[in-house]
Number of protein chains: 2
Amino acid sequence: MKGTVTVKTLAKELNISIATVSKALNDSYEISLETKQKVWDLAKKLKYERNPSASNLRSHKTKTIAVIIPEIANNFFSLAINGIEEIARKRDYHVLIYQTHENSEIEIAFTDSLLSGRVDGILISVSSNTNNKEHFKELVKKIPVVFFDRVFEDIDAVKITTDDYESAYNATCHLIECGCKKIAYLFALNNLITGKNRFAGYQKALKEYNMVYTDEMIVNYDKDTGRNYENIKAMVSSQKPDAVISSIEDLALPCYYVARELNLNIPKDLKILSFSNLNTAPLLNPSLTTIEQPAFEIGKEAAGILFKILDKKYFEPNENHILKSSLIKRDSTSCG
Amino acid sequence: MKGTVTVKTLAKELNISIATVSKALNDSYEISLETKQKVWDLAKKLKYERNPSASNLRSHKTKTIAVIIPEIANNFFSLAINGIEEIARKRDYHVLIYQTHENSEIEIAFTDSLLSGRVDGILISVSSNTNNKEHFKELVKKIPVVFFDRVFEDIDAVKITTDDYESAYNATCHLIECGCKKIAYLFALNNLITGKNRFAGYQKALKEYNMVYTDEMIVNYDKDTGRNYENIKAMVSSQKPDAVISSIEDLALPCYYVARELNLNIPKDLKILSFSNLNTAPLLNPSLTTIEQPAFEIGKEAAGILFKILDKKYFEPNENHILKSSLIKRDSTSCG
DNA sequence: TTTATTTACGAATACGTTTAAGTAAAAACA
DNA sequence: TGTTTTTACTTAAACGTATTCGTAAATAAA
């Protein structure tokens, strides 16, 4: 690493101590404006870049946050990252991305590896098959963490979610008002409050209209894409529901294929409605009625709160911020 | 940071020097198996995690790579990241993500900030409106860089691309063979070899069939989404092409809306074909014929090469790796 | 004027790790 | 047997920055 320009280089060139240089670079009140200016000018001229490792080693500040999500190739999460990145960039923070692929062990490995001081804080959307929250309970004691969208209820950290209960309720009501008599449910995230709330909203609406569901009308999410397709197909063939409501996007698209396979017309024979942030939802055949979450805003909100915590300007660890989703009615549920 | 367990802690506990501990942790040949085992056991017991800053400061190895892309909320790039992440995780590397939002200045700011030793290497897909490659020429001298998909031709670095020329050629031939007489082109990435090759493939096919295009049939990509829609609409209304081929996904979807607006039937009045990795392409109305790039594989390949360079096992800086895209014919170009 | 305070800097140390160089004891060799 | 080599460790010095403490000079207060 010959030729690297460090504080030492600047100090020698200006005939001042490295302490002065360091302080000047950090805009310390201890240094005269005159000296600061000289240091800044030379730093610019020599293209000095602060060594992040050294800086962090000394100051315990990494200017880096980690984002742990199930899958990046998913509209919701990539939009959320977009929001996170926007906030991070404004603060000159760096963003590490980790994908768990819905695998709880990988999730644990990631969080463990982040305990060594690599990042200042963490944003997490929990993997769908994570059952044991003990691990997270330990984590939040050691480093600032904000959970978003996929969250546990009883963890001592800020959580950013959407109005899952209400939006599932409204969506189900919409189907019922369209005349649906038998509404199936594609269940995911069942161990998280997120999934529980969505299902509860569905149940509430049914109850209110004196409708029932049976276990056979519920399809549980499977890690295996092919199996999801098979399970949905089996359910639709045997139960013959007139509507399906999906708690996640990944389970909605297979419905289109199932309908084709079984020669069912959407929406005449089968209406489909899903939690989804697909930007092609309006272009599908037929266009898909969605519960659209404000993914970008969720990301911004989560990152914003995390930075407030890092700035020590936020002190309500247990708060749950709820943003509103919107039901966008399209052809897949048209009452026609 | 009280209670942090460091090499010092382990050394004291075992009554050996910190050098021995460090070497043991790094599985050095200088240390007896017996001692190593003791260190490993204690490290595990006390949940020792190596401090990355200190380690990096000394060894100049960050175990981190950066990925600079235009936009994360894009199927191609999120799949590519997926591939990159898979390779990185296998090597216990961390992945920093930076989005340029097609902004050249942000791109420069990112690369500059990565010069301070924050990462061991960089993967870049160039922003569409980056004209000046001088900056990248400097970059590749200072740190290992692999370019993917959106690349410059004359830069001293490995590049991973797809067979843009051939696939655009084949796609255009497909349209011509379907009887199209007037094929418009939605032009993007015109300053990159990627975009140039795609356009050249289109031109080649036209020439071969003794067809021509005029400048009025070419729509150039604009950063503003709304303007793209307007430009396409204006072109289609005035030129009345019977087919449109889009060099990027973002320009294909507006075509659907334009067709609706102008009451044009796809594919009867207007055929649409696009470079795209949309997973909903088969479900669109009508399903979209795409040139699908092996995004995941591109990511894996790019990361793989970067690690080979970091391992000093790769020495052909100027090589261009070309992966094959596939033309997937669907209803939007059906010959009826 | 003398004393107290402020300003602007420097010396020295610490952050936790890696590594070059040195060394005593053990093993191998002549 | 004495000599060389190998083994298994230790000492000490870095990596580049931030920060505590000390201090001389300048300024303000008495």
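Note on naming: letters A, B, ... go to the chains in the order of the sequence lines (proteins, then strands), and numbering restarts at 1 for each one. The shown structure was predicted, so the numbers you read here are calculated from the model rather than taken from an experiment.
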Pairing of [X] and [Y] as salt bridge, 4.0 angstrom limit:
X	Y	result
B/Glu297	B/Lys300	no
A/Glu49	B/Arg118	no
A/Lys47	B/Asp112	no

How many Å lie between [atom1] on [X] and [atom2] on [N], as a whole number?
X	N	atom1	atom2	result
B/Lys36	D/dA8	NZ	P	9 Å
B/Asp27	C/dT19	CG	P	14 Å
A/Leu25	D/dA18	CG	P	7 Å
B/Asn26	D/dC9	CG	P	15 Å
B/His60	C/dT17	NE2	P	17 Å

What's the closest nucleotide to the [X] side chain, out of [options]?
X	options	result
B/Asn51	C/dG16, D/dC9, D/dT11	C/dG16
B/Ile18	C/dT19, C/dT17, D/dA18	C/dT17
B/Ser17	D/dT20, C/dT17, D/dT10	D/dT10
B/Ala54	D/dT17, C/dT17, C/dC9	C/dT17

For a quick check of understanding: with a heavy-atom distance under 4.0 Å over all strands, which category does [X] fall into, base, sugar-phosphate or nothing?
X	value
A/Ser22	base
B/Ser55	sugar-phosphate
B/Ser32	sugar-phosphate

Study note, to complete from the structure: Contacts satisfying ring pair (Phe, Tyr, Trp, His ring centres under 6.0 Å) that involve residues 15-50 of chain B (not counting sequence neighbours) are none
Check your understanding: Counting only distance, no hydrogens or angles, is the base of D/dT10 paired donor-acceptor with the side chain of B/Lys23 under 3.5 Å?
Key -> yes
